[in-house]
Amino acid sequence: MKHYTSINDIDNLEEWIVDAKAIKKNPLEHRKLGKNKTLGLLFFNSSLRTRLSTQKAALNLGMNPIVMNVSNDSWGIEFGDGTVMDGTTAEHIKEAAAVVSQYCDIIAVRAFPTLTDKAKDESEEVLNAFKKYATVPIVNMESATAHPLQGLTDALTISEYAKKERPKVVLTWAPHVKALPHAVGNSFAQVMQKMDVDFVITNPEGYDLNPEITRDVPVLHNQEEAMKNADFVYAKNWSSYENYGQILETNKSWMITKSLLGNAKFMHCLPVRRNVVVEDAVLDSDSSLVIQQANNRTFAAQLVLKKLLETL
Amino acid sequence: MKHYTSINDIDNLEEWIVDAKAIKKNPLEHRKLGKNKTLGLLFFNSSLRTRLSTQKAALNLGMNPIVMNVSNDSWGIEFGDGTVMDGTTAEHIKEAAAVVSQYCDIIAVRAFPTLTDKAKDESEEVLNAFKKYATVPIVNMESATAHPLQGLTDALTISEYAKKERPKVVLTWAPHVKALPHAVGNSFAQVMQKMDVDFVITNPEGYDLNPEITRDVPVLHNQEEAMKNADFVYAKNWSSYENYGQILETNKSWMITKSLLGNAKFMHCLPVRRNVVVEDAVLDSDSSLVIQQANNRTFAAQLVLKKLLETL
Amino acid sequence: MKHYTSINDIDNLEEWIVDAKAIKKNPLEHRKLGKNKTLGLLFFNSSLRTRLSTQKAALNLGMNPIVMNVSNDSWGIEFGDGTVMDGTTAEHIKEAAAVVSQYCDIIAVRAFPTLTDKAKDESEEVLNAFKKYATVPIVNMESATAHPLQGLTDALTISEYAKKERPKVVLTWAPHVKALPHAVGNSFAQVMQKMDVDFVITNPEGYDLNPEITRDVPVLHNQEEAMKNADFVYAKNWSSYENYGQILETNKSWMITKSLLGNAKFMHCLPVRRNVVVEDAVLDSDSSLVIQQANNRTFAAQLVLKKLLETL
């Protein structure tokens with residue numbers, strides 16, 4: 001593995017989950033592996049869990065994390081080829097990525113989509129520019145279309161809490177007040193296709209995710225039907241993919257309630273808006289795995305960093 | 001001690017001061033205690049001394065500090081119970097505190113008061129939410145009503161510089177251009193009541209601190225009279241408590257001058273506005289202890305972190 | 001050396017370059033020197049390379065870096081003597097510098113010029129206030145008039161890539177859309193005067209740098225003539241010094257092109273605006289040394305920190 005920027009970079013999910021569980025049991029076992037190595041964490045966007053858990057993972061491996069909020073701490077970065085840079089951007093990614101590569105042994109990047117320019121978002125301009133111009137491994141801390149650290153976390157969590165072989169897992173769209181990216185939904189859909197689960201997606205009409213990602217996964221527009229006998233319900237809002245980045249007229253009834261959930265475990269990547277995406281009664285019950293998921297972020301990140309450190 | 005959020009968490013001030021002095025003499029003695037432990041420093045507000053000294057204290061104990069400016073680095077946090085989160089807050093403290101607890105062994109929080117909503121401020125909403133929902137010890141880096149790291153620092157400093165038993169200590173209100181919190185005044189008043197000193201408070205009428213905090217401490221409205229024969233004069237501005245958060249008409253004559261100070265030592269928590277709160281001649285003289293106080297912030301924080309680490 | 005704030009602090013450039021090359025060969029050799037020592041990095045302005053490379057240098061020496069964005073993380077600092085601080089500044093540099101000195105063993109500061117008040121900029125108010133009131137060594141991470149970490153880096157880079165004795169080095173002004181400081185140009189001009197090179201400066205009329213800095217260096221207003229047979233061309237924009245901080249009418253033809261460059265190596269401190277300062281064809285060719293320069297920032301900073309640590 002050269003970079004970790006997509007669920008496709010997981011060559012063998014089953015083995016990765018075994019490895020992640022071992023790391024979770026003994027998080028400090030490999031703390032010499034990262035000695036004198038630096039992880040650069042570059043945030044083009046806000047972050048809480050990713051910011052803290054990735055630093056924690058690096059520290060567990062003995063690495064030195066250096067955090068940078070790109071826009072606040074420095075200046076606008078240019079991504080266009082051949083641009084006459086007489087506008088607001090002050091440094092080209094060609095220089096920025098090559099330079100940061102010299103100070104950091106691994107670079108982790110967070111860069112959200114525009115949600116207005118589909119082609120630009122799908123080109124993963126920022127992430128791919130780092131892959132192209134950096135000379136060290138790149139870790140995706142959520143890009144325009146993918147959040148593979150979250151996806152790996154989620155697979156680990158399901159593996160830990162599954163009480164039967166081939167559990168039923170439902171990814172359900174949920175209401176929200178803002179137009180949100182598809183990254184979490186995409187990576188979850190991808191990682192579930194690599195796992196031995198009965199996987200179903202449900203969302204209102206007009207909200208189907210990119211079919212190149214969901215492939216043969218059944219997509220139902222009837223939430224109640226989809227959630228029947230579910231073992232795990234993963235809720236997440238996303239804006240329309242077809243009417244790219246739009247919020248269509250939606251039914252608040254898609255909010256996850258205790259009665260809708262039944263006996264399933266509830267999952268969400270957080271942050272979550274209470275009583276909009278999911279009601280208090282779910283989050284405050286034993287059915288919720290959201291805190292356990294967040295805990296697993298550390299070990300997913302640590303596995304990825306460990307694998308990349310081993311290639312250096 | 002489960003948390004350190006108030007001067008009331010100090011069980012035996014005399015012993016704590018002895019311990020703090022020992023740490024100051026040999027700051028690296030316990031540097032293995034914090035090995036592989038993480039201190040999360042969450043700032044809802046600006047900070048210089050607290051930011052640096054608390055990190056320094058953590059490093060002296062071998063801990064890894066992780067700093068986060070909550071509002072800039074992530075998003076608005078919701079504190080209300082049962083709220084339908086369709087507004088500006090994106091994550092509930094229930095999740096945020098529980099999640100951060102999984103990445104950090106101790107969480108330190110700074111969250112200033114509104115100074116407009118007395119009931120909300122007195123409820124210590126942010127701090128108490130962290131105490132309630134976090135699963136690790138909480139350290140108060142200045143909350144709505146208290147700044148107990150500063151209070152402990154101040155007691156240590158007075159103990160170091162006292163030249164006689166039971167010195168006279170005066171907490172005096174001083175002028176300022178902005179409405180300021182009561183936190184520093186409160187914690188100083190509380191810690192002085194635990195110390196064997198002759199303690200007096202002086203402030204203009206209308207500026208009396210919360211009587212539940214000042215209790216039996218004499219409060220004089222005549223500054224000159226209060227400061228007579230003082231050994232230590234601690235100056236600090238605060239807005240009105242009665243007319244909550246207001247700046248009443250004030251007399252600039254309350255500014256601390258060399259002649260007003262007499263032979264007393266001058267103390268202030270910093271930052272201090274020169275020639276508004278106190279004149280240059282005081283700060284630039286040997287009578288001022290403000291730099292020594294700031295130095296003690298490290299050792300007060302280190303004692304608190306050490307005590308909390310020992311409970312883990 | 002007490003501080004490193006100007007190229008004048010380099011007592012023997014030749015020796016320093018030898019030492020820097022040794023550090024580059026074995027960056028971790030002195031990693032015990034900085035053990036339990038703290039480097040405070042105070043940014044009054046944005047930074048990418050300096051921020052990361054100086055932290056990296058500190059880590060290579062085993063130091064703990066603590067980063068602070070002064071304006072965002074804390075509040076306005078007052079530099080005036082005798083000011084009645086009833087305005088926007090909340091803390092005087094006298095206190096701030098003395099206090100930070102107690103938490104940090106070395107303080108590194110970045111503070112750009114106003115470009116409107118020449119006298120103020122030339123007084124190096126911020127940097128000199130730190131030198132005056134701090135009690136620990138100060139490192140200049142780019143001040144109003146100097147960027148000596150960059151200058152040292154540039155001398156090291158030229159020394160590495162020179163293919164003959166006494167190479168010809170040209171510092172050329174280049175176009176830009178914003179009014180920029182003179183700091184990089186100044187420090188480069190100063191360090192070249194300490195090196196055995198054939199050094200020439202070229203800029204349009206009206207853009208001559210401070211003659212007290214350029215001294216006897218030939219300043220040509222004909223770029224093409226100046227660049228003839230150059231071995232190294234260092235491009236940098238700066239605003240007018242005479243019409244202080246102004247952008248005069250300029251000719252875009254001063255942009256560095258492949259044909260203008262000839263066989264010379266191209267240097268720039270970065271960030272650089274592509275196709276404004278220099279065309280893509282130069283930066284994307286083997287003639288460009290900008291990435292190698294940026295790499296050397298770590299080792300220049302590390303040499304400076306090592307020298308200062310040895311005095312503690």
Side-chain angles (χ1 to χ4, degrees), chain A residues 24 27-28 31 41 43 45-65 67-69 71-73 110 175-178 180 252 255 268-281 283-284 288 290-299 301-302, chain B residues 32 34-44 55 58-59 62-109 129-130 132-136:
Chain A
K24 187 171 179 175
L28 299 174
R31 83 177 318 281
L41 297 99
F43 290 96
N45 300 96
S46 298
S47 170
L48 186 150
R49 260 157 299 284
T50 300
R51 182 182 294 272
L52 297 180
S53 65
T54 311
Q55 283 186 73
K56 178 73 177 180
L59 291 168
N60 281 346
L61 289 162
M63 298 184 84
N64 297 311
V67 177
M68 197 168 145
N69 294 323
S71 324
N72 287 341
D73 294 350
R110 163 162 288 198
H176 202 279
V177 294
K178 284 175 60 184
L180 292 191
K252 289 193 182 176
M255 180 174 80
H268 190 283
C269 61
L270 303 182
V272 68
R273 287 174 178 251
R274 282 175 168 252
N275 304 310
V276 173
V277 170
V278 52
E279 65 173 6
D280 280 342
L283 282 173
D284 295 336
S288 171
V290 299
I291 305 301
Q292 292 90 328
Q293 270 176 276
N295 188 33
N296 281 338
R297 290 292 308 272
T298 301
F299 311 112
Q302 200 169 329
Chain B
K32 284 185 179 163
K35 212 185 160 201
N36 300 323
K37 302 288 185 201
T38 301
L39 173 69
L41 296 98
L42 307 186
F43 290 97
F44 288 84
Q55 283 187 75
L59 291 168
M63 299 184 82
N64 297 312
I66 298 184
V67 177
M68 197 168 146
N69 295 324
V70 181
S71 324
N72 287 341
D73 295 350
S74 60
W75 37 72
I77 303 289
E78 175 65 41
F79 291 91
D81 251 333
T83 314
V84 176
M85 290 172 57
D86 55 5
T88 56
T89 56
E91 178 150 21
H92 200 281
I93 184 64
K94 288 190 192 183
E95 277 74 55
V99 164
V100 176
S101 300
Q102 299 180 118
Y103 308 140
C104 301
D105 299 282
I106 298 174
I107 301 174
V109 180
F130 273 97
K132 189 167 175 188
Y133 298 116
T135 55
V136 299

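Here is the naming used below: chain letters follow the sequence lines, and residue numbers restart at 1 for every chain.
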Side chain, backbone, both or neither: which part of [X] has a non-hydrogen atom closer than 4.5 Å to chain B?
X	result
L48(A)	both
D284(A)	side chain
N295(A)	both
L59(A)	side chain
L28(A)	side chain
R51(A)	side chain

Consider only side-chain N and O atoms of [X] and [Y], and report whether a donor and an acceptor are under 3.5 Å apart.
X	Y	result
R110(A)	T50(A)	yes
N60(A)	R31(A)	no
K37(B)	N64(B)	no

Using modelled atom types and a 3.5 Å cut-off, is there a donor and acceptor pairing between side-chain atoms of [X] and backbone atoms of [Y]?
X	Y	result
E279(A)	A281(A)	no
Q293(A)	H268(A)	yes
Q302(A)	P27(A)	yes

Relative to chain A, which of T83(B), D73(B), I66(B) shows the most heavy atom pairs under 4.5 Å? D73(B)
When heavy-atom pairs shorter than 4.5 Å are enumerated against chain A, which of N36(B), V99(B), V67(B) gives the highest number?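 Option with the top pair count is N36(B).
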Sequence neighbours left out, what passes side-chain contact (heavy atoms from CB on, under 4.5 Å) with C104(B)? Give chain and number order.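 C104(B) satisfies side-chain contact (heavy atoms from CB on, under 4.5 Å) with T38(B), V100(B), I107(B) only.
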Counting only heavy atoms closer than 4.5 Å, note whether [X] contacts chain A via side chain, backbone, both or neither.
X	result
T135(B)	neither
T89(B)	backbone
N69(B)	neither

Aromatic plane relationship, F130(B) with F44(B) - under 30° parallel, 30 to 60° tilted, over 60° perpendicular: perpendicular
